[in-house]
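For reference, the structure discussed in these notes is given below.
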Amino acid sequence: MTPQMLPRPLAAAPRAYNFPRFSRQTLSNGLRVIVCPVHKLPLVTVLAVVDAGAVYEAAGAEGVAALTARLLPEGTSTLDGATLADRFERVGARVETNADWDVAGVSLTTLREQLDEALPLVRDLLVDPVFPEREVERLKAERIAELMQQEAEPRGLADEEFAAAVYVEGARYSRPDGGTRESVECITRDDVVAFHAARYRPAATTLIFVGDVTEAVARELSESLFALWAGAAVADSRGNPNTVQEGSLVRIVAKADAAQSEVRVGHAGVSRTAPDYFDAMVMNAILGGLFSSRINLNLREAHGYTYGAYSTFEWRRAPGPFVVSTAVKSEVTADAVREIVGEIVRMRETAVSESELTLATDYLDGVFPIRYETTAAIASALAMLVVHGLPDSFYDEYRANVRAVTAAHVLRAARTHLHPDRLRIVVVGDANAIGDLDAAIASDGGVRPITDEGSTP
């Protein structure tokens, strides 16, 4: 006997939540400082956010932003990399450096009593790195090895091929943010030095303090350590990193030894500052952003094609891609692609149900406060305000904005940001086992036939 399905429990009224208070200051050299006192624990996170992401790289030097960020801890004019690591370890500080599409970051988390000793070391990483030739070559070799591994593994290959399918050749978004094997191999120490000199400047940097620190102390430390950092503001040299290819296509990347098919379906998306951001976010949550989403329930629960499928808008300053990602059994690849495309089409046709809407908004509303329980998480949240120019009230208004999204808003967002006639479909797998993708897609009356580019060995 089939057990009776019980109704979904109703969510309780949301508890009040306020994002921690913070203040902004700007030093005379243009360095911006954000201070967010959180005194629950004797910890402080300091995050330096620099406009030095991959979109600022010169053509042919793709990957130099990530390489420059990774090289920062490898030595300054006064301390070599081993000594720096020892000094950070001695005070129990955790330091991380990275670069993404838009910015580079240097993050320090330490006990409050060690901040006076640890922060000058971070200053030296930002202002006075020396980029030893040996370390440049070592980290280049590591990156090339990572790329070779990704290219041999279907998941990484599918991501790379999808970007190349969405954006025109030469657009920065068409290549990985860490560069390609060819571009990384060509990067020299001089390229790293030049990129650092051009992009790492005080007027392009925001210093974020979060934790057991006062505004006065943070201001004093910033002034004493960074006031002499000189350099004029830098021009915006991003160009058009997101120029898209027109129309739609299917691209099969033949990989005979693949145990399953990696599938990517999508097109160019929308920028983070889109006025209907909350509508698009909730729409995507219902479509493929949550475990309970339509795409996941279809492919995983209804058909058993996959362990999981999800969709996302990759939020960047310029419009990044919208993509549905999954891995399915080879023999059901065409069927899975047909279901994905069908769900995208149906999302545009009729309004979502009230139960679907509240399931998504209740989750997004309810999980929001627990995202910001550490100093590092709060610092990352404040960095998002900096990167995308969001208002200071963004996090205070977030939950109300989520709850304000209606079924009509979701339908409008779907019709605005989902484009079945522009879908770029990439499959990495056994070309002899995946079935007829064109026929599967064309069978859905809502989608135009898609040109097959054939197999890529």
Side-chain angles (χ1 to χ4, degrees), residues 62-63 141-169 173-185 245 247-267 288 295-296 298-300 302-312 321-344 422-444 447 449-457:
E62 292 88 354
E142 288 184 4
R143 175 58 182 161
I144 292 169
E146 291 172 0
L147 288 166
M148 292 175 65
Q149 183 177 5
Q150 289 177 12
E151 291 167 4
E153 191 268 322
R155 180 181 301 177
L157 184 58
D159 291 337
E160 184 173 336
E161 289 288 340
F162 178 74
V166 172
Y167 299 100
V168 301
E169 184 177 359
Y173 284 177
S174 70
R175 297 184 174 189
D177 57 354
T180 65
R181 274 198 286 170
E182 295 77 14
S183 67
V184 173
E185 285 173 349
Q245 299 197 45
S248 52
L249 88 163
V250 170
R251 175 171 296 163
I252 301 171
V253 182
K255 194 168 179 57
D257 60 342
Q260 57 186 355
S261 295
E262 283 287 343
V263 177
R264 303 292 182 269
V265 179
H267 48 62
I295 288 175
N296 192 57
N298 183 328
L299 269 64
R300 175 189 165 101
H303 288 98
Y305 292 157
T306 180
Y307 285 112
Y310 64 92
S311 66
T312 185
F322 160 77
V323 59
V324 180
S325 302
T326 190
V328 302
K329 294 179 289 187
S330 298
E331 62 270 21
V332 302
T333 302
D335 293 330
V337 170
R338 182 182 61 247
E339 294 299 326
I340 291 170
V341 174
E343 292 295 354
I344 292 172
R422 303 180 199 172
L423 288 175
R424 320 292 284 186
I425 299 171
V426 172
V427 174
V428 177
D430 184 349
N432 296 318
I434 63 177
D436 189 342
L437 291 176
D438 275 347
I441 298 163
S443 67
D444 192 313
V447 183
I450 296 177
T451 302
D452 187 349
E453 287 199 346
S455 299
T456 301

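Only heavy atoms go into these numbers, but all of them, side chains included; no hydrogens, no water, no symmetry mates. Worth saying up front: this structure is predicted, and the values here are computed from it rather than measured.
- Among the candidates Glu169, Glu62, Glu161, the single residue satisfying the salt bridge (Lys or Arg N to Asp or Glu O under 4.0 Å) test with Arg175 is Glu62.
- Summarising the geometry of Gln245 relative to Ala165, their closest heavy-atom pair is NE2-O, 3.4 Å, with the distance given to 0.1 Å.
- One distance of note links CD of Gln150 with CZ of Arg181; it measures 11.0 Å at 0.5 Å rounding.
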Walk me through it: do Val332 and His303 pass the test side-chain contact (heavy atoms from CB on, under 4.5 Å)? CA-CA 10 Å; Val332 302; His303 288 98; over 6 Å; no
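- The shortest heavy-atom contact between Arg424 and Gly247 is NH1-O, 2.9 Å.
- Between the Arg300 side chain and the Tyr307 main chain, a donor and an acceptor come within less than 3.5 Å of each other.
- The minimum heavy-atom distance linking Leu299 with Ala309 is given by the pair CD2-CB, 4.1 Å.
- A pairwise comparison of heavy atoms in Leu437 and Ala334 identifies CD2-CA, 3.6 Å as the closest pair.
- Between Lys255 and Glu262 no salt bridge is recorded (no basic side-chain N to carboxylate O distance below 4.0 Å).
- With rounding to the nearest 0.5 Å, the separation of CD in Glu339 from CD1 in Ile344 is 12.0 Å.
- The side-chain contact (heavy atoms from CB on, under 4.5 Å) test with Ile295 singles out one residue from Val265, Val324, Thr306, and that residue is Val324.
- The nearest pair of heavy atoms linking Gly308 to Thr326 is O-OG1, 2.9 Å.
- Ser261 and Gly429 make their closest contact through OG-CA, 4.3 Å (heavy atoms, listed as atom of the first residue, atom of the second, distance).
- In this structure, CG in Leu147 is found 6.0 Å from CD in Glu151, a value given to the nearest 0.5 Å.
- When side chains are defined from C-beta on, Ile425 counts as touching Val341, because their heavy atoms get closer than 4.5 Å.
- For the atom pair Glu160 CD and Arg155 CZ, the distance stands at 15.5 Å (nearest 0.5 Å).
- Side chain of Arg264 to backbone of Val323: no donor-acceptor contact under 3.5 angstrom is found.
- Classification of the His267-Phe322 ring pair by plane angle, with boundaries at 30° and 60°, yields tilted.
- With values rounded to the nearest 0.5 angstrom, Glu153 atom CD is found 8.5 Å from Asp159 atom CG.
- If you take CD1 on Ile340 and OH on Tyr305, they are separated by 10.5 Å, rounding to the nearest 0.5 Å.
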